[in-house]
Engineer: 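Below are the structure tokens for one structure; questions will follow.
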Amino acid sequence: MNNLGKFITLEGVDGAGKTTHIEFIKNYLSDLGIHYVMTREPGGTLLGERLRDILLHDEMTPETETMLMFAARNEHIDKVIRPNLLSGAVVISDRFTDASYAYQAGGKGVKEEKIDILKNWVQGSLQPDLTFLFDLPVEISMERLKKTKNLDKFERENKNFHENIRKKYLMLANACAERFVVLDSQKSIEEIQCQIKLKLDEALK
Ligand SMILES: Nc1ncnc2c1ncn2[C@@H]1O[C@H](COP(=O)(O)OP(=O)(O)OP(=O)(O)O)[C@@H](O)[C@H]1O
Ligand SMILES: [Mg+2]
């Protein structure tokens with residue numbers, strides 16, 4: 001597939017700052033006059049949002065969870081991501097497939113080979129051009145989350161679960177260094193925004 005646009009994903013443990021920086025990215029791209037589409041996973045389509053509700057609140061086996069994530073992702077790619085990339089838009093997704101490796105493999109022990117199969121089936125050669133990983137020690141992310149909202153199924157998991165997710169994300173970043181930018185989420189929001197801006201400029205020039 002010949003994408004004219006750019007595919008940018010935001011990843012990180014719960015509460016690491018993804019949503020906080022989305023507003024900044026939107027404003028920055030608007031100021032540059034760049035056409036963008038902001039979306040999220042699980043979700044991004046009507047069906048995907050219904051699956052999100054189930055995924056975030058209902059108990060199920062880790063394998064079922066993985067397959068439902070990819071079912072939602074298949075819709076998302078087909079209806080939102082691919083068409084917008086083909087038309088030249090910048091598509092920004094709050095989470096994508098790296099989250100399946102981090103949460104379902106790293107956090108819940110689903111075999112990576114199984115995720116590889118679903119990834120190849122659903123995604124083919126589609127890959128993010130740039131992935132911002134918001135990295136934060138788990139104690140801090142859990143403190144931040146407690147202050148802000150009602151916790152979903154994943155956010156209520158124990159510290160060890162979140163530690164494993166963080167580790168897996170850092171391993172992915174190491175293995176795919178060409179597309180990952182690891183941001184230290186302990187830094188101030190302004191400092192992080194400066195780094196995001198630099199990387200966006202590089203990616204979009
Ligand atoms: N660099 C930062 N310094 C201090 N507080 C921050 C920073 N970044 C985010 N926060 C705060 O941490 C909380 C969680 O941030 P946010 O909701 O953006 O995380 P998230 O990664 O989107 O979480 P989730 O995965 O649950 O959607 C918010 O209250 C936010 O204001
Ligand atoms: Mg968020």
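Just so you know, ligand 1 is whichever comes first in the structure, and atom 1 is the first atom listed for that ligand. All of these numbers come straight from a predicted model, not from anything done at the bench. The analysis underlying the following values was restricted to heavy atoms, covering all of them including side chains, and did not include hydrogens, waters or symmetry mates.
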Engineer: Is there a nitrogen or oxygen of Ser188 sitting under 3.5 Å from a nitrogen or oxygen of ligand 1?
Structural biologist: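 No; every N/O pair is 3.5 Å or more apart.
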
Engineer: Compare Glu190, Lys187, Arg144, Gln193 and give the one whose heavy atom is closest to atom 10 (N) of ligand 1.
Structural biologist: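 The nearest heavy atom belongs to Arg144.
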
Engineer: Which of the atoms in ligand 1, numbered in the order shown and given with their element, are less than 4.0 Å from a heavy-atom of Ser185?
Structural biologist: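 Ligand 1 atoms under the 4.0 Å threshold to Ser185: 1 (N), 2 (C).
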
Engineer: Determine, for Lys197 against Asp201, whether the closest basic-nitrogen to carboxylate-oxygen distance falls under 4.0 angstrom.
Structural biologist: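 Yes, charged N to carboxylate O under 4.0 Å.
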
Engineer: Is there a heavy atom in Gly12 that sits closer than 4.0 Å to ligand 1?
Structural biologist: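 Outside the 4.0 Å threshold, so no.
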
Engineer: Any donor-acceptor pair under 3.5 Å linking the side-chain atoms of Arg166 with those of Ser141?
Structural biologist: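 The answer is no; no qualifying pair exists.
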
Engineer: Any salt bridge between Asp14 and Arg95, counting N to O under 4.0 Å?
Structural biologist: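 Salt bridge: yes.
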
Engineer: With distance as the sole criterion, is a donor-acceptor pair present between the side chains of His76 and Thr39 under 3.5 Å?
Structural biologist: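 Thr39 and His76 do have a side-chain donor-acceptor pair below 3.5 Å.
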
Engineer: Should Glu65 and Lys153 count as an ion pair when the cut-off is N to O under 4.0 Å?
Structural biologist: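 Looking at Glu65 and Lys153, the cut-off is met.
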
Engineer: Taking the ring centre of each residue, are His21 and Phe132 less than 6.0 Å apart?
Structural biologist: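 Between His21 and Phe132, the centre distance exceeds or equals 6.0 Å.
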
Engineer: Does this structure show an ion pair linking Lys159 with Glu139, if we count only N-O contacts that are shorter than 4.0 Å?
Structural biologist: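 Yes.
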
Engineer: With heavy atoms under 4.0 Å as the rule, classify the contact between Lys147 and ligand 1 as side chain, backbone, both or neither.
Structural biologist: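 None of Lys147 does.
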
Engineer: Quick check: does Thr19 put an N/O/S atom under 2.8 Å from the Mg ion (ligand 2)?
Structural biologist: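 Checking Thr19: at least one N, O or S atom is under 2.8 Å.
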
Engineer: Output the list of atoms in ligand 1 that are nearer than 4.0 Å to some heavy atom of Lys18, sorted by atom number.
Structural biologist: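 Result: 18 (O), 19 (O), 20 (P), 21 (O), 22 (O), 23 (O), 24 (P), 25 (O).
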
Engineer: Donor-acceptor pair, distance only, cut-off 3.5 Å: does the side chain of Asp129 make one with the backbone of Ile8?
Structural biologist: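 A pair under 3.5 Å: no.
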
Engineer: Below 3.5 Å, N or O to N or O, backbone or side chain included: is there any such pair between Gly15 and ligand 1?
Structural biologist: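 Looking only at distances, the answer is yes, because the N/O contact criterion of under 3.5 Å is met.
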
Engineer: Considering the heavy atoms of Arg95, write down every atom of ligand 1 situated less than 4.0 Å from one of them.
Structural biologist: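 Taking each heavy atom of Arg95 in turn, ligand 1 has 25 (O) under 4.0 Å.
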
Engineer: With a cutoff of 4.0 Å, is Leu145 in contact with ligand 1, counting heavy atoms of the residue only?
Structural biologist: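 The answer is yes, since Leu145 has a heavy atom less than 4.0 Å from ligand 1.
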
Engineer: Check each atom of ligand 1 against the heavy atoms of Thr19 and keep those under 4.0 Å away; list them by number with element.
Structural biologist: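 Heavy-atom distances to Thr19 below 4.0 Å select 18 (O), 20 (P), 22 (O), 27 (O).
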
Engineer: Could you check whether any heavy atom of Gln186 sits closer than 4.0 Å to an atom of ligand 1, since that is the contact criterion I want to use?
Structural biologist: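 False for this residue.
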
Engineer: In terms of atom number and element, which parts of ligand 1 are under 4.0 angstrom from non-hydrogen atoms of Ile192?
Structural biologist: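 Counting from 1, the qualifying ligand atoms are 1 (N).
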
Engineer: Does Lys168 pair with Glu11 as a salt bridge, N-O distance under 4.0 Å?
Structural biologist: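 Result for this pair is no, no salt bridge flagged.
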
